[in-house]
Amino acid sequence: MTTRRSFIQIIPLAGALALGAGSARADAPKVDEKDPQAAALGYVADATKVNKAKFPKYAASQVCSGCQLYQGKAIDASAPCAIFAGKQVSSKGWCSAYTKKA
Ligand code: SF4
């Protein structure tokens, strides 16, 4: 049973965790193109450098900021991506998991 006192003690902790999660995201390291997962997906921080022979589905207008999995705003230079947990991708990047925003 949750008492009123224990409920009041939980609220500040939940708030601190939420703030902590937010700052961790802002400070998260960028994805390294040489990281095995990034390399397997053909991730590049500059979409104009996509290996078009290896990833023919790439189209010139595709960039991370227009991808469904990009978790930032269009104006952010980099942001977290659902594929690369705990890291940030460049807004101008691309990988083969690209899915156009609805
Ligand atoms: Fe960029 Fe989308 Fe690939 Fe993430 S899944 S790296 S946002 S193209």
Side-chain angles (χ1 to χ4, degrees):
M1 183 174 129
T2 305
T3 64
R4 185 176 172 178
R5 175 177 281 191
S6 65
F7 181 74
I8 288 169
Q9 288 172 335
I10 290 169
I11 296 302
L13 178 61
L17 287 172
L19 286 173
S23 62
R25 284 174 47 153
D27 297 343
K30 298 225 168 81
V31 171
D32 183 343
E33 294 177 6
K34 294 183 183 106
D35 174 90
Q37 183 190 6
L41 290 169
Y43 172 78
V44 284
D46 177 354
T48 64
K49 301 203 168 112
V50 170
N51 181 339
K52 295 167 189 89
K54 197 171 175 188
F55 300 101
K57 83 168 214 174
Y58 168 74
S61 62
Q62 297 176 348
V63 288
C64 290
S65 62
C67 175
Q68 189 82 44
L69 303 170
Y70 188 72
Q71 298 172 345
K73 298 181 192 107
I75 56 163
D76 293 336
S78 60
C81 161
I83 297 280
F84 300 101
K87 295 192 175 166
Q88 296 196 47
V89 296
S90 166
S91 64
K92 294 177 181 164
W94 185 89
C95 87
S96 60
Y98 175 86
T99 307
K100 188 177 179 181
K101 264 188 186 156

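For ligands, and for the atoms within them, numbers begin at 1 and follow the listed sequence. We use all heavy atoms of the structure for the numbers below, so side chains are in, but hydrogens, waters and symmetry mates are not.
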Exercise. Yes or no on side chain to side chain contact (heavy atoms under 4.5 Å, CB included) for Q62 and V50, after CA distance, side-chain angles and deciding distance?
Worked result: CA-CA 10 Å; Q62 297 176 348; V50 170; over 6 Å; no
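When only non-hydrogen protein atoms are considered, atom 2 (Fe) of ligand 1 lies nearest to C67 SG, 2.3 Å. The nearest heavy-atom contact from the protein to atom 4 (Fe) of ligand 1 is C81 SG, 2.3 Å. Counting protein heavy atoms only, atom 1 (Fe) of ligand 1 is closest to C64 SG, 2.3 Å.
Y43 contributes atom OH, which lies 9.5 Å from atom CG of D32 (distance to the nearest 0.5 angstrom).
When the shell of 6.0 Å around NZ of K101 is examined, it contains more than 12 heavy atoms from other residues, nucleotides or ligands.
Distances below 4.0 Å separate heavy atoms of I83 from the following atoms of ligand 1: 5 (S). The L69 neighbourhood of ligand 1 comprises atoms 5 (S), with distances under 4.0 Å to a heavy atom of that residue. Listed by atom number, the atoms of ligand 1 under 4.0 Å from F84 heavy atoms are 6 (S).
For S90 against A45, the heavy-atom pair with the smallest separation is OG-O, 3.1 Å.
Residue contact annotation: C95 places an N/O/S atom under 2.8 Å from atom 3 (Fe) of ligand 1.
Side-chain N or O atoms of K52 include none that pairs as donor or acceptor with a backbone N or O of Y58 at under 3.5 Å. Of the possible donor and acceptor atoms, one in the side chain of Q68 sits under 3.5 Å from a partner among the backbone N and O of A102.
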